[in-house]
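Each chain gets a letter, A, B and so on, in the order its sequence line appears, and its residues count up from 1.
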Amino acid sequence: METKMILTDEEKAILNGEKGATMAKVIKTLILYGETFGAKRFARVTAPGHLVTSFGISVLSPVFNITQELIDAGLKAEMPFTVDPRPIDYKNVKCNPIEKLIFNNFLYGMQDEYELQLRQLGLKDKNAFTCACYLDQVGNTPKKGDILSWAESSAVVYANSVIGARCNRNSGIIELFGMILGKVPEFDLLTDEGRKAKWIIEVRTTKKPEAQILGSAIGLKVMEDVPYIKGLTDFIGTELDDETKSYLKDMGAATASNGAVGLYHVDGLTPEAVEMGEKLINKDAKVYVIDDAELERVKASYPVMWKDVNGKPERCFIGCPHLTYAQLHQWTAKFEAELKRQAKTKVGMKTIFTAAPDVVEEFKTKDKATYDKLIKMGIKLTSICPLMYMNNPLCGKKNVITNSNKLRTYTTSRYFTDDEICTIAVKGGI
Amino acid sequence: MAKEFKGRPVIAGECTVEAVVSHGGFNTLASFQKSALARKKETIVSDQNNADLFGKNITGKALCLPKTIGSTTGGMVIYTATALNIHPRAMLFSEPIDSLAAAGVILADVWTDDTITTVDNLGQEFLDYVQDGMMIEVKMDGTVIVK
């Protein structure tokens with residue numbers, strides 16, 4: 001095979017089959033992928049990977065055939081990797097018998113087999129199932145400048161923007177191939193040029209913007225381009241503390257799902273913006289001004305996908321992407337205050353918080369009093385992916401509310417702001 | 001009268017098939033999901049947000065689009081659709097192909113016995129001109145003739 005990418009002797013040997021036919025197909029796929037985007041060479045992956053495919057959904061059997069071929073060829077990731085959350089947790093997210101039957105036998109009928117494949121390919125550990133793998137408790141936290149082979153869009157945008165690592169917006173399977181080869185084609189967000197902003201976002205709101213709506217507005221406007229956000233530190237400060245990182249996690253996930261943003265810079269806050277400032281902005285960058293009216297306009301544009309738009313909400317999901325440790329505390333306090341305000345002791349509808357298994361474990365053990373308080377309020381804490389839970393014909397019919405713009409985008413769930421959702425969940429209706 | 005457009009062959013191939021057109025971004029997961037889950041023999045687009053394609057059959061056709069959008073499972077879904085034989089015969093992009101679609105058509109090319117002929121950079125004029133039901137001839141060099 002003639003290649004436009006410049007390959008090392010080792011890479012040429014792999015392509016010629018010296019490490020087996022399957023490994024040759026792995027590198028061929030990555031070469032074709034890189035050449036499509038003008039990559040000149042491979043870059044070495046310097047930190048553990050993160051997989052987007054966590055669900056043993058039967059229809060993906062062709063994908064599981066590839067993973068089995070990799071295993072049969074004796075291949076595995078160079079470093080232990082994390083993976084997106086599991087789709088089901090019957091203990092904390094109740095399902096009726098019909099749903100269970102369909103989930104176990106049809107929809108997610110290959111979950112156990114797929115998890116075995118993941119372990120054979122180098123899964124980090126039993127707690128490795130989260131979309132927020134970069135959190136301290138989980139431990140798959142890259143350093144600034146690390147080259148990654150990740151796919152989950154919310155994790156990619158966080159790693160690029162908040163940490164300053166380098167990763168393209170890869171598809172599922174491609175990220176696994178990069179982990180196995182230990183190299184990824186060097187293009188776009190792996191290059192200095194590709195990390196420059198094509199948009200200037202001027203935040204001119206009168207109060208701290210709702211992270212999920214701000215991210216949505218930015219994503220819808222800039223799509224896959226890199227934005228440089230000005231004016232946001234007036235509201236969230238210049239310290240990358242837990243609260244600020246949580247805000248950026250949620251804002252970034254919305255930019256990535258409502259658009260296709262893989263990297264954003266926040267003036268005076270994110271590492272590359274602190275280091276390089278406005279040198280990161282392309283000369284011909286376009287400007288998008290976001291004020292209170294623009295955020296209202298964006299929020300009002302979200303369609304309600306429920307069959308009965310006046311229907312009663314049945315279930316509330318908070319934590320897509322998974323909540324941070326700090327957010328578990330913030331949400332517990334927020335619900336406690338709202339229950340007091342409405343003179344109630346328990347929430348009025350099924351309310352589920354989602355967080356990484358390691359974060360849940362730490363919350364349960366180090367902050368047992370707060371955890372007990374949360375449970376006493378009638379709130380469940382789980383580590384599933386609410387998106388995967390909902391992304392099927394059965395659960396898609398339920399009237400679900402969420403404060404996640406990602407969940408809203410990919411499912412029939414209905415979006416409400418943090419304050420609104422807290423009020424509705426406690427009240428038990430809109 | 002036939003009109004000719006020139007793009008870049010991402011997955012080179014030749015075919016003459018009927019066009020289906022999406023003027024907005026094609027949400028891969030949302031579009032294939034319902035037919036794939038129901039193990040249908042054809043893909044009837046299930047993305048309710050895509051007014052152009054919702055309810056239409058795209059299997060075996062030339063899918064004309066600006067780019068794909070949505071979940072990073074997108075490439076994997078295109079590959080799966082090809083392995084299940086419910087894929088479009090061609091994907092013709094008016095814009096430069098996005099990383100998720102590129103991954104999908106390349107995975108299909110390398111890891112299945114079938115292929116999705118793919119051309120990108122065809123320009124906005126292509127997307128403005130082409131309409132559902134028109135016949136499209138794709139040539140190896142990325143030439144696309146709309147009849």
Side-chain angles (χ1 to χ4, degrees), chain A residues 22 24-26 28-37 52-53 55 57-63 65-66 69 84 106-107 150-156 168-177 187-189 223-224 256-260 262 303 305 387 391-393 396 406 409-412, chain B residues 8-12 24-25 27-30 32-40 46-49 66-87 93 95-114 118 120-121:
Chain A
T22 302
K25 282 201 287 182
V26 166
K28 181 183 175 186
T29 305
L30 292 174
I31 290 168
L32 291 173
Y33 177 60
E35 288 183 346
T36 301
F37 299 100
V52 69
T53 316
F55 34 95
I57 193 162
S58 311
V59 74
L60 286 181
S61 54
V63 174
N65 292 342
I66 289 185
E69 184 177 333
D84 266 7
F106 303 104
L107 212 50
W150 291 14
E152 160 58 40
S153 65
S154 67
V156 168
N168 276 318
R169 244 177 85 86
N170 300 304
S171 168
I173 307 183
I174 290 289
E175 94 281 46
L176 176 60
F177 288 179
F187 67 90
D188 200 19
L189 296 178
M223 292 312 292
E224 75 276 31
S257 56
N258 286 225
M305 306 295 285
L387 205 157
N391 228 340
N392 63 75
K406 178 171 184 170
T409 301
Y410 292 137
T411 70
T412 53
Chain B
R8 173 183 68 149
V10 175
I11 303 292
N27 189 318
T28 307
L29 176 63
F32 283 101
Q33 183 171 248
K34 204 167 174 182
S35 296
L37 282 174
R39 302 294 179 125
K40 299 281 187 194
S46 49
D47 178 10
Q48 298 183 50
N49 293 320
K67 59 174 59 189
T68 70
I69 57 172
S71 161
T72 46
T73 57
M76 191 169 81
V77 171
I78 293 172
Y79 155 74
T80 299
T82 311
L84 297 174
N85 204 25
I86 58 170
H87 57 295
F93 294 83
E95 296 182 18
I97 195 169
D98 55 281
S99 62
L100 303 181
V105 296
I106 291 165
L107 284 165
D109 189 47
V110 178
W111 294 82
T112 76
D113 296 329
D114 212 337
T118 306
D120 74 347
N121 279 323

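- Contacts of Phe177(A) with chain B are made by side-chain atoms alone, with heavy-atom separations under 4.5 Å and no backbone atom involved.
- Within the model, atoms CG of Leu37(B) and CZ of Phe106(A) stand 13.0 Å from one another, a figure rounded to the nearest 0.5 Å.
- The contact between Lys67(B) and chain A is made entirely by side chain atoms (from C-beta outward), counting heavy-atom distances below 4.5 Å.
- Contact of Tyr410(A) with chain B is made through the side chain alone, with heavy-atom distances under 4.5 Å.
- Looking only at distances, a side-chain donor or acceptor of Thr72(B) sits under 3.5 Å from a matching main-chain atom of Ala151(A).
- Listed options Asn170(A), Leu387(A), Asp188(A) were ranked by heavy-atom pairs under 4.5 angstrom with chain B; first place goes to Asn170(A).
- For the set Ile174(A), Thr36(A), Val52(A), the entry with the most heavy-atom pairs within less than 4.5 Å of chain B is Thr36(A).
- No other option in Ile97(B), Ile69(B), Thr82(B) has as many heavy-atom pairs under 4.5 Å with chain A as Ile97(B).
- For Glu69(A), the part lying near chain B is the side chain, with the backbone staying farther off; criterion is any non-hydrogen pair under 4.5 Å.
- In this structure, the portions of Val110(B) lying under 4.5 Å from any heavy atom of chain A include both its backbone and its side chain.
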Fill in: Intermediate values then yes/no, side chain to side chain contact (heavy atoms under 4.5 Å, CB included), Phe37(A) and Asp98(B)
CA-CA 9 Å; Phe37(A) 299 100; Asp98(B) 55 281; 5.9 Å; no
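- Between chain A and the residues Ala101(B), Gly70(B), Gly74(B), the largest count of heavy-atom pairs under 4.5 Å involves Gly70(B).
- Heavy-atom pairs under 4.5 Å with chain B were tallied for Val156(A), Ile66(A), Leu30(A), Leu32(A); the largest tally goes to Ile66(A).
- For chain A, no part of Ala30(B) is nearby; none of its heavy atoms comes within less than 4.5 Å.
- Contact tally against chain B (heavy-atom pairs below 4.5 Å) for Ala260(A), Ser58(A), Pro303(A), Ser257(A): the top residue is Ser58(A).
- Atom NZ of Lys28(A) sits about 6.5 Å away from atom CG of Asp109(B), to the nearest 0.5 Å.
- Checking side-chain atoms of Ser171(A) against main-chain N and O of Met76(B) turns up a donor-acceptor pair under 3.5 Å.
- In this structure, the portions of Thr22(A) lying under 4.5 Å from any heavy atom of chain B include both its backbone and its side chain.
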